[in-house]
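As structure tokens, the structure follows; a few thoughts come after it.
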There are 2 protein chains.
Amino acid sequence: MDISARTDYAVRAMLTLARAADEERGPVSVDALATAQELPRRFLEAVVADLRSAGLVESTRGARGGYTLSRPAAEVSVGEVFRAVSGPLAEVRGLRPQDTAYTGVAEHLPALWVAVRAALRDVLDATTLADVLSGRLPEHVRPLLDAPDAWTNR
Amino acid sequence: MDISARTDYAVRAMLTLARAADEERGPVSVDALATAQELPRRFLEAVVADLRSAGLVESTRGARGGYTLSRPAAEVSVGEVFRAVSGPLAEVRGLRPQDTAYTGVAEHLPALWVAVRAALRDVLDATTLADVLSGRLPEHVRPLLDAPDAWTNR
DNA sequence: TAAATACCTACTAGTTAGATAGGATTTACG
DNA sequence: CGTAAATCCTATCTAACTAGTAGGTATTTA
């Protein structure tokens with residue numbers, strides 16, 4: 001269960017765009033995005049292209065062009081960003097959780113995989129870019145951080 | 001966020017061993033494990049080796065040998081199986097969630113990654129092999145399956 | 001017209017996933 | 001004691017993926 005560099009970069013770029021929108025600074029170039037978070041420029045270019053085809057950002061070409069959020073930061077969930085750049089939140093051997101088919105002892109395994117996906121959705125689809133910017137995660141997400149060993153390895 | 005074939009196979013093999021322990025059938029060979037769940041035998045051999053070095057199963061060599069659970073199925077969580085065969089539950093660009101370091105707009109991102117890991121733990125560390133065998137997931141996991149669209153794509 | 005920018009296509013190196021092969025070692029059992 | 005059934009060890013293979021780079025075209029502003 002890895003969060004790829006691609007996804008990490010995408011979220012950070014979106015946060016940068018959210019802040020820019022907040023300050024009404026107009027379109028932000030890939031170059032500016034890369035510099036702001038120290039991301040590899042050429043690679044980021046491909047990532048932002050995915051965000052664009054997913055409709056999460058809009059581009060303006062030419063000099064003084066760049067990218068802007070399509071929607072307010074409070075209406076864009078991190079889960080959407082995930083899906084835009086790296087597909088479904090959870091897959092099992094390339095299948096959607098509910099499409100896995102087992103027999104015998106593994107009969108009930110799909111339920112577990114569906115629960116895993118649901119748990120991810122509960123966090124990622126509920127948390128918006130604005131939440132991350134402010135550091136105030138949603139009501140029902142916060143308790144997850146209060147578990148005694150939430151911040152340590154297990 | 002993919003659950004690999006490796007992990008899927010590991011869980012299914014563990015479930016098979018759990019059932020065998022239940023019926024006091026003694027050690028189960030890799031060949032029997034592979035046949036029971038239609039898994040590639042040679043590949044499974046490597047997977048079971050990981051389960052062994054993690055201490056989750058014990059092996060007996062020679063004819064009539066095979067593998068047995070080290071602990072009762074009700075005391076082995078699916079999370080342990082995950083970690084045994086594919087490392088930490090959640091990583092960000094190869095780093096543990098709490099070890100990620102950001103500046104500026106991404107300042108609070110580690111909290112989100114930690115929450116994601118915590119959500120996974122809540123499901124995977126709480127669910128035991130016995131739970132999956134019986135189809136009765138833990139109290140606090142079941143509600144995840146009751147969400148209206150839990151079983152459909154989003 | 002020049003600079004800045006998105007956008008498109010292609011490429012590369014390294015790693016991982018999934019799987020297979022051959023054989024060495026150990027052990028129950030007839 | 002011998003043989004078959006196992007684990008166990010090491011090596012290999014292929015395809016795909018990940019992260020990243022390169023070069024150039026199209027578009028727009030100043």
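Just so it is clear: chains get the letters A, B, ... in the order the sequence lines come, proteins before strands, and each one is counted from 1.
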Quiz item: Hey, can you pull the residues of residues 91-106 of chain A with a non-hydrogen atom under 4.0 angstrom from DNA chain C?
Solution: none

Kindly list each side-chain donor-acceptor pair under 3.5 angstrom involving residues 92-99 of chain B, sequence neighbours excluded, with atom names and distances?
{"residue": "B:Arg93", "atom": "NE", "partner": "A:Asp8", "partner atom": "OD2", "Å": "3.1"}
{"residue": "B:Arg96", "atom": "NH1", "partner": "A:Asn153", "partner atom": "OD1", "Å": "2.6"}
{"residue": "B:Gln98", "atom": "OE1", "partner": "B:Arg117", "partner atom": "NH1", "Å": "3.1"}
{"residue": "B:Gln98", "atom": "OE1", "partner": "B:Arg117", "partner atom": "NH2", "Å": "3.0"}
{"residue": "B:Gln98", "atom": "NE2", "partner": "A:Asn153", "partner atom": "OD1", "Å": "2.8"}

Quiz prompt | Among B:Ile3, B:Val78, B:Thr16, B:Val132, side chain to side chain contact (heavy atoms under 4.5 Å, CB included) partner for B:Val11 | solution = B:Val78

Quiz prompt | Axis bend over the full length of the helix from C:dT1-D:dA30 to C:dG30-D:dC1, computed from five pairs that close each end, to 10 degrees | solution = 10°

Quiz item: Hey, is B:Asp131 close enough to B:Arg142 for a salt bridge, meaning N to O under 4.0 Å?
Solution: no

Quiz prompt | Atom pair CD (B:Glu91) and OG (A:Ser4), whose distance is rounded to the nearest 0.5 Å | solution = 12.5 Å

Practice problem: Starting at CG of B:Leu51, measure out to CG of B:Leu17 and round the result to the nearest 0.5 Å. | Solution: 8.0 Å

Quiz item: Among pairs that include at least one residue of residues 11-35 of chain B, which meet ring-ring contact (aromatic ring centres under 6.0 Å, His included), considering only residues two or more places apart or in two chains?
Solution: none

Self-check item: Gap separating the OG1 atom of A:Thr128 from the CD atom of A:Glu75, nearest 0.5 angstrom
Solution: 9.5 Å

Quiz item: What pairs with B:Ala106 under side chain to side chain contact (heavy atoms under 4.5 Å, CB included), at least two apart in sequence or on another chain?
Solution: A:Arg12, A:Leu15, A:Gln37, B:Tyr102, B:Leu109

Quiz item: Applying ring-ring contact (aromatic ring centres under 6.0 Å, His included), which residue pairs with at least one partner in residues 37-59 of chain B are found, sequence neighbours left out?
Solution: B:Tyr9-B:Phe43

Quiz item: Do A:Arg83 and A:Glu80 sit within salt-bridge range, that is, some charged N less than 4.0 Å from a carboxylate O?
Solution: no

Exercise. Kindly compute the distance separating OG1 (B:Thr68) from CZ (B:Arg25), expressed to the nearest 0.5 Å.
Key: 12.5 Å

Quiz item: Can you name the side-chain hydrogen bond (donor to acceptor under 3.5 Å, both in side chains) partners of A:Asp122, sequence neighbours left out?
Solution: none

Quiz item: Tell me, which of residues 1-39 of chain A have any heavy atom that sits under 4.0 Å from an atom in DNA chain C?
Solution: A:Val28, A:Ser29, A:Val30

Enumerate, atom names and distances included, each donor-acceptor pair closer than 3.5 Å involving a side-chain atom of residues 54-62 of chain A, sequence neighbours excluded.
{"residue": "A:Ser59", "atom": "OG", "partner": "A:Arg52", "partner atom": "NE", "Å": "3.3"}
{"residue": "A:Thr60", "atom": "OG1", "partner": "A:Gly66", "partner atom": "N", "Å": "3.4"}

Quiz item: Got a second to check how far A:Thr103's OG1 is from B:Glu38's CD, nearest 0.5 Å?
Solution: 6.0 Å

Exercise. Name all pairs fulfilling the ring-ring contact (aromatic ring centres under 6.0 Å, His included) condition that reach into residues 52-94 of chain A, sequence neighbours left out, sorted by first residue then second.
Key: none

Self-check item: Sequence-aligned protein contact record of nucleotides 20-30 of chain C, with B where the base is within under 4.0 Å of a protein heavy atom and S where only the sugar-phosphate is
Solution: BBBB-BBBS--

Got a list of protein N/O to nucleotides 10-14 of chain C N/O distances below 3.5 Å?
none

